[in-house]
Each structure stands twice: as structure tokens, then as C-alpha cells.
Amino acid sequence: MPPNFTDILEEARLSARALLDYGESFFNPTVRLGVTGLSRAGKTVFITALIHGLTRGGRFPVFEALNSGRIAQAGLAPQPDDAVPRFDYETHLRTLIEERRWPNSTVDISELRLVIDYQRRNGADRTLTLDIVDYPGEWLLDLPLLDKSYEQWARESLALSREAPRAHLAADWHRQLATLDPQAKEDEQATRTSAKLFTDYLRACRDERFAMSLLPPGRFLMPGNLAASPALTFAPLDVPADGAAVEGSLWAMMARRYEAYKDVAVRPFFRDHFARLDRQIVLVDALAAFNSGPEALRDLEAALTGILDCFRVGRSTILSSLFRPRIDRILFAATKADHLHHLSHDRLEAVLRRAVSRAVTRAETTGAVIEVVALAAVRATREAIVTRGREKLPAITGMPIPGESAGGEMFDGNTEVATFPGDLPADPEALFNGAFRGLASAPADASDFRFLRFRPPALERDGKGEPALPHIRLDRALQFLIGDRLQ
Ligand SMILES: Nc1nc2c(ncn2[C@@H]2O[C@H](COP(=O)(O)OP(=O)(O)OP(=O)(O)O)[C@@H](O)[C@H]2O)c(=O)[nH]1
Ligand SMILES: [Mg+2]
């Protein structure tokens with residue numbers, strides 16, 4: 001298909017922007033790091049811990065530049081984009097350290113600039129600017145919509161909603177959908193009801209029990225500044241993929257708004273943010289999928305495939321042939337590894353590697369180096385051995401957040417407990433074959449994994465300024481993401 005006018009215009013804008021960025025980066029070496037992940041994946045905690053570790057000097061043995069003392073200092077600086085909210089580092093850090101609470105949920109893009117003064121291996125003093133961009137993974141999963149017509153998207157969404165366990169959650173929306181004639185006259189009220197029921201269905205899928213990942217359009221759950229606009233008021237209709245809408249019909253109206261959604265939400269995100277990234281970390285809450293069950297794990301795999309496809313979308317633009325390739329490193333990170341005993345950390349990595357493997361083979365054309373890690377940006381637990389009769393069991397201890405419950409007991413947020421979250425199998429395939437039970441199909445006490453949420457750790461203050469935050473493998477992530485730029 002020849003590119004249409006919008007596409008050409010978009011390419012021109014992209015190229016102009018890239019040239020500007022290129023010029024700046026030439027005089028002032030800069031890495032633009034995208035941090036993404038679906039809602040609650042751990043983005044805010046990760047960025048806060050990363051900045052704290054860099055500016056304060058964390059315990060990062062694997063992050064060579066810092067460990068060997070070549071980083072003289074790292075500090076915050078005014079960010080380059082005036083229209084993007086600043087990442088509220090100070091508030092998030094205070095919440096974590098002083099209140100021992102996790103930061104509040106964030107729903108929009110934000111950005112922060114860090115300037116790192118370091119010494120090259122050859123002794124020369126240099127500066128690297130690190131721009132960190134935090135954006136919802138839900139928005140990233142919208143990029144494939146750019147290549148899809150309304151009819152294609154509607155068919156796919158409908159097919160997906162008819163599979164278990166989604167079908168049950170989509171029942172109300174399906175009932176209303178059955179009353180709609182796509183070629184009937186356009187009807188604002190019916191469209192709004194449809195959009196609302198469709199959004200309710202997406203929200204139900206995201207619920208902790210089901211923990212589904214693949215839920216586009218992303219702005220329906222994460223509207224940002226577009227809430228209630230017509231561009232967010234549409235839904236799939238039961239229409240043939242190759243049919244044509246009659247002018248003035250319900251179908252035509254839905255299709256028009258779907259296109260508007262791409263224009264006001266998806267394209268600007270691609271142009272202003274995604275296309276400008278150099279490196280990307282994708283945070284994944286695999287534990288939420290284990291909690292829920294095999295369907296959630298398969299859904300997560302599909303979402304990760306979708307995410308990797310996005311990096312290919314970026315490649316096929318004219319931009320990539322005119323300028324240096326942008327994203328050249330992608331790190332998939334399973335977060336919250338502190339919920340597992342360290343014996344399972346490698347296994348968690350293996351699960352993630354397995355979940356992205358098919359996508360990675362397909363995505364070889366991205367030209368990016370792809371790596372996988374299991375980490376905890378902030379370690380909220382310690383390990384312990386609990387003796388039960390003659391058995392010695394590896395357990396983890398921590399302070400559950402107020403309101404968490406296990407075994408019939410409700411925690412008040414001030415009690416430390418030891419738990420057995422469940423061991424991951426040595427062979428990840430066992431999980432993908434569906435051989436485990438989760439909350440989606442079994443009661444809590446019969447499911448194979450149960451991860452309590454713990455409060456952030458109490459930190460030891462030795463009077464010498466701010467204490468370091470404990471973590472798991474955060475240094476490995478840093479080494480992969482920027483280590484080579486600090487040589
Ligand atoms: N134990 C532990 N829990 C974590 C860690 N990172 C995140 N969490 C938990 O995951 C929740 C979500 O983390 P956030 O960093 O807010 O996730 P997010 O991706 O920014 O979420 P949204 O802003 O809602 O999209 C937190 O409230 C914690 O309960 C970690 O390193 N260790
Ligand atoms: Mg957040």
C-alpha cells in the first residue's frame with residue numbers, strides 16, 4: 001500500500017525532530033531511556049530506585065563504572081521537553097523511605113534528566129546525559145493499531161473477547177452488541193453505552209484475579225488528558241473485516257472515531273516519545289500472572305510479542321533508513337523478584353526468557369540487542385530458613401502492607417511474617433503448559449502461588465546522609481542499559 005498523506009507528513013515531522021535531537025546529542029552525548037510496563041508493573045519504583053542509586057551511589061557491584069569509582073557525580077538537571085510532566089522523584093522517594101509506603105499510581109507520561117560526570121577508561125573526563133521517560137505500557141501496545149483498519153481491529157478484539165476467561169467478563173457488552181445493527185443510523189447514546197460496557201470489560205480483565213495484559217486501546221484504561229473525548233468513545237462492532245460502512249451509519253461513526261483515536265492519541269505518542277528513544281526497558285509483573293493462572297501467563301506472552309512488534313514498527317519508517325537506528329538495546333525485566341527466594345531468581349528469568357523467545361526470533365529485524373533480567377528495584381524482604389518438624393524450608397520474611405491477608409489472618413502493616421510464596425519449576429515450559437492453578441480458577445488457598453505485598457524496607461541510617469536502598473540485580477540492569485556508554 002502506498003503511504004497516505006498523513007503518513008508522509010508524519011515522516012517529515014519525525015525526520016525534522018530526529019535531526020534536532022541528533023544535533024543536540026552530537027555536542028552533548030545523551031541516552032534517552034524509555035521505561036515502560038503495564039499498569040502496576042513497577043515503573044515508578046524502578047525509576048526512583050535507579051535515580052537514587054546513581055545520585056547517591058548505591059551498592060552496585062555489577063555496574064562497573066560506578067563500582068570502580070569512575071562516576072564522579074550524578075545529579076538532576078532541568079528536562080529538555082517543556083510540555084511533558086516532570087517525574088516527581090522527590091515525592092516518590094520520600095514516600096518510599098520516610099513513610100515506607102509505595103508511591104501512588106501514575107497515569108501519564110513523565111520525564112527526568114540526569115547528568116552523569118564520569119571518567120573514561122582512558123582517564124578523560126566526560127559527561128553523559130540520561131533522559132528517563134516513564135510511559136504506560138498500555139500506550140505502547142496501541143502502536144500496532146496504526147497498521148489496522150477499524151474493521152480488522154473490531155474483528156480481532158471481538159474474537160479475543162470470546163475466549164475464556166474473557167467471554168464471561170464480556171457478557172454485558174456482548175449482550176448490548178447483539179442489539180446493534182452496524183448499518184443503522186449513527187446513534188450517540190448507543191455508542192456511549194457500547195464504549196462504556198467495552199471499557200468495563202477491559203477493566204474487569206485487568207483485575208488482579210484475571211491479570212490480563214493485552215487490552216487495547218490503551219487509553220480506554222489510561223486516558224491521560226483525553227478522558228471522555230469522542231476519540232475515546234467507540235467500541236468494536238460485529239462487522240466483516242472487508243465490508244464497507246454506509247455513510248451516516250453507526251459503523252461509519254465508530255470507524256471515524258477509531259481513526260480519530262489514532263490521530264490524537266497514537267501518532268503523537270509515536271512521534272513525540274517512542275520514536276525518540278535510544279534504549280528501552282520493559283518491566284513485567286510476571287508474579288501477577290502466576291497469581292492469576294495459566295491464561296494470564298499466555299496473555300502476558302501475547303502482550304510481550306505485541307510489544308516487540310512495536311519495535312519493528314519503529315524500524316520500518318523512512319526515518320530509520322535516513323538516520324542511525326534508534327532503539328539499540330531492549331531489556332525485559334521481571335520485577336518484584338524479592339517476592340521469591342533467591343533460588344528462584346534464575347528461574348524467574350528463565351520464565352521471562354521463554355515468554356519473549358518466540359517474539360525475539362520474529363523480531364530479529366529490530367537490530368536491537370535484547371536481554372532479560374529478574375530484579376527487584378527495592379528489596380522489601382529478607383530470606384530465612386523456617387523449621388517445620390524435621391524439614392528446613394527456605395522462606396522470605398517481610399512486613400505485609402495493611403489489609404493484606406493470608407491463611408485467614410489480616411495484617412495491620414506492623415507485623416513481620418515469614419511466607420512460602422511457592423517455588424518456580426526448573427523447567428519454565430511446565431508453567432506455559434498450564435500445569436498450575438491460580439486465582440482465576442481456584443480459591444486463594446488452593447492456588448499454587450500466593451504473593452503477599454510487603455511494605456518497603458526499614459532502612460538502616462548510620463548518620464552519614466541518606467541510606468542506600470537494597471535491591472536485587474538493579475546493577476545488572478544498569479550495566480546493560482548504559483554501561484557501554486560510560487566506557
Ligand atoms: N516488593 C516489591 N514490590 C514492588 C517493587 N516494585 C514495585 N512493587 C509493587 O508494585 C506496585 C506498583 O509499583 P509502581 O512502581 O507504582 O508501578 P507502576 O508501573 O509505576 O504503576 P502505575 O503507575 O500504576 O502504572 C507497588 O505499589 C508495589 O506494591 C519492588 O521492587 N519490590
Ligand atoms: Mg507509576
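Whatever order the structure lists ligands and atoms in, that order sets their numbers, starting from 1.
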N or O contact, [X] vs ligand 1, cut-off under 3.5 Å:
X      : value
Arg379 : no
Phe46  : no
Val378 : yes
Val45  : yes

For [atom], which protein heavy atom lies nearest, and how many Å away is it?
atom                    : value
atom 8 (N) of ligand 1  : Lys336 CE, 3.7 Å
atom 16 (O) of ligand 1 : Arg40 NH1, 3.5 Å
atom 1 (N) of ligand 1  : Asp338 OD2, 2.8 Å
atom 29 (O) of ligand 1 : Trp102 CD1, 3.5 Å
atom 18 (P) of ligand 1 : Lys43 N, 3.4 Å
atom 14 (P) of ligand 1 : Gly42 CA, 3.6 Å

Would [X] count as a contact residue for ligand 1, given that I'm defining contact as a non-hydrogen atom of the residue lying under 4.0 Å from a ligand atom?
X      : value
Thr335 : no
Ala377 : yes
Pro136 : no

Check your understanding: At the Mg ion (ligand 2), what angle lies between atom OG1 of Thr44 and atom OG1 of Thr106, rounded to 10 degrees?
Key -> 100°
Which of the numbered atoms in ligand 1 are under 4.0 angstrom from any heavy atom belonging to [X]?
X      : result
Ser105 : 22 (P), 23 (O), 24 (O)
Ala380 : 1 (N)
Ser39  : 25 (O)

Exercise for review: Test the Arg354-Phe432 pair against the cation-pi criterion, namely NZ or CZ under 6.0 angstrom from the six-membered ring centroid and within 45° of the ring axis.
Suggested key: yes
Check your understanding: Distance under 6.0 Å and angle within 45° of the ring axis: does Arg219 meet both against Trp139?
Key -> yes
Study note, to complete from the structure: Note: Thr44, heavy atoms under 4.0 Å from ligand 1, region reported as both
Review point. How does His339 reach ligand 1, by side chain, by backbone, by both or by neither, if only non-hydrogen atoms under 4.0 Å count?
Key: side chain
Check your understanding: Which of parallel (below 30°), tilted (30 to 60°) and perpendicular (above 60°) describes Phe234 and Tyr258?
Key ->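 It falls in the perpendicular class, over 60°.
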**Study point:** Plane angle bin for His345 and His342 - parallel if under 30°, tilted between 30 and 60°, otherwise perpendicular
**Key:** perpendicular
Review point. If we only count heavy atoms from C-beta on, is the Tyr135 to Met222 side-chain gap below 4.5 Å?
Key: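 Not touching, per the 4.5 Å side-chain cut-off.
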Exercise for review: Answer yes or no: is there a side-chain heavy-atom contact under 4.5 Å between Asn67 and Phe60?
Suggested key: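 Contact flag for Asn67/Phe60 side chains = no.
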Check your understanding: Please walk me through it: do Ser105 and Arg40 pass side-chain hydrogen bond (donor to acceptor under 3.5 Å, both in side chains)?
Key -> CA-CA 7 Å; Ser105 202; Arg40 314 308 290 149; 3.2 Å; yes
Check this for me: [X], atom [atom1], are more than 12 non-hydrogen atoms of other residues, nucleotides or ligands nearer than 6.0 Å?
X      : atom1 : value
Arg59  : CZ    : no
Arg56  : CZ    : yes
Arg450 : CZ    : yes

Check your understanding: Does the Arg382 side chain pair with the main chain of Thr397, one donor and one acceptor, at a distance under 3.5 Å?
Key ->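 Side chain of Arg382 to backbone of Thr397, a donor-acceptor pair under 3.5 Å: no, none is there.
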Point to revise | Check: His273/Glu111 side-chain N/O donor and acceptor closer than 3.5 Å | key: no
